[in-house]
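Numbered from 1 within each chain, the chains take letters A, B, ... in sequence-line order. Predicted, not measured: the structure shown is a model, and the values here were computed from it.
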Number of protein chains: 2
Amino acid sequence: MYSAELLKGTLSTIILKLLAEHGKMYGYEIAQCVRQLSDERILIKEGSLYPALHKLKDDGLVQTESEMVDNRVRKYYSLTNKGSQTSTEKVQELFEFIETIKQILNSKPSFT
Amino acid sequence: MYSAELLKGTLSTIILKLLAEHGKMYGYEIAQCVRQLSDERILIKEGSLYPALHKLKDDGLVQTESEMVDNRVRKYYSLTNKGSQTSTEKVQELFEFIETIKQILNSKPSFT
DNA sequence: TTTGCATACCTCGTAACTCTATGCATACAT
DNA sequence: ATGTATGCATAGAGTTACGAGGTATGCAAA
């Protein structure tokens, strides 16, 4: 498990990307999906996930619909139109940021 | 300039890495160095930089020495032994985290 | 000469984010 | 009855970066 600070700023982008790929997902499913895709290296805690999802909804990027499954309410999240656009943008931005960080971490001091 | 949240968790690692490469640097120099290496894409603000440096010092990862340059005190920061070790570890961790994130962002939904 | 810019240090208050801990509830296995 | 997995959610705490502000020097342009 990575130090938690690294996840900051990337969580909402990850959620948006997963929703873009999967159509609709519920909270627990998102957490398990990230867990699998990261080979257990990124474990999203519920205390992080649900506030993040609520914020995405407040911002109009995702919408919810509740379904009854096994006598329990399951809340599905899916992207709005705005969310689809934002997802693409944020994923792109994150990729660029990663490249920039790698550029810095791979730098050798130049003799100036 | 990237959205600010992305920098979270990476700033101290970047600072440690630069100090590992350059030996000793002063605050302003670090900010300018990151600015150049990132092609103006990452602009570390003083309100972020100095608290981060002070925290690294409190944690025993860097040490300071002051020099007079042009009638002004310039405070140089350099890694302690502990800081060197931590630098290596955190850089490695950040690289791994980046690979994990890329893995997630490049994933396609599987049919399960 | 005073205005602005670059250099160079620093602190305070705030906002944003994630975590731990906790609670509620169902279902199944031990 | 106890644990494990599923599934939602909040409260409080801690960390972190930022904006705004302060202090100070040197130089060039207006």
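Nucleic acid contact class of B/L49 (heavy atoms, under 4.0 Å, all strands): none. Nucleic acid contact for A/G47: base, since at least one base atom lies under 4.0 Å from a heavy atom of the residue.
Of the candidate nucleotides C/dC10, C/dT18, D/dA17, C/dC10 has the atom lying nearest to any side-chain atom of B/K75. Checking D/dC8, C/dT18, C/dT11 against every side-chain atom of A/R74, the shortest atom distance belongs to D/dC8. Taking the side chain of A/Y50 as heavy atoms from C-beta on, and the options C/dC10, C/dT7, D/dG7, the nearest nucleotide is D/dG7. Residue B/E46 has its side chain nearest to D/dG21 when only C/dA16, D/dG7, D/dG21 are considered.
Going from atom CG of B/L7 over to atom P of D/dT16 covers 12 Å, rounded to whole Å. Rounded to whole Å, atom P of C/dT20 lies 10 Å from atom CG of A/L43. Distance, A/Y26 OH to C/dT26 C1': 14 Å, rounded to whole Å. Straight-line distance from the NZ atom of B/K24 to the P atom of C/dA8: 14 Å, rounded to whole Å. The distance from atom CG of B/L11 to atom C1' of D/dT15 is 13 Å, rounded to the nearest whole Å. Put simply, CG on B/L6 is 11 Å from P on C/dT18, counting in whole angstrom units. One atom, CD1 of B/I30, and another, P of D/dA17, lie 14 Å apart when rounded to the nearest Å. If you measure from atom CG of B/D58 to atom P of C/dC10, you get 12 Å, rounded to the nearest angstrom.
Considering only side-chain N and O atoms, B/K45 lies nowhere under 4.0 angstrom from the phosphate OP1 or OP2 of D/dA20. Contact check, B/H54 against C/dC9: no side-chain N or O comes under 4.0 Å of OP1 or OP2. Residue B/K8 places no side-chain N or O under 4.0 Å from the OP1 or OP2 atom of D/dT15.
Of all heavy-atom pairs between A/Y26 and A/Y77, the closest is CA-CD1, 4.4 Å. Annotation for A/I104 and B/I14: closest pair CG2-CG2, 4.0 Å, computed over non-hydrogen atoms.
Comment: A/E67 engages A/K24 in a salt bridge, judged by a side-chain N to carboxylate O separation of less than 4.0 angstrom. A salt bridge is defined here as a Lys NZ or Arg NE, NH1 or NH2 lying under 4.0 Å from an Asp or Glu carboxylate O, and A/R74 with A/E65 fails to meet this definition.
Residue whose closest nucleotide on DNA chain C sits further toward the 5' end, between B/L53 and B/R35: B/R35.
Side-chain N/O atoms of B/Q32 and B/Q36 include no donor and acceptor closer than 3.5 Å.
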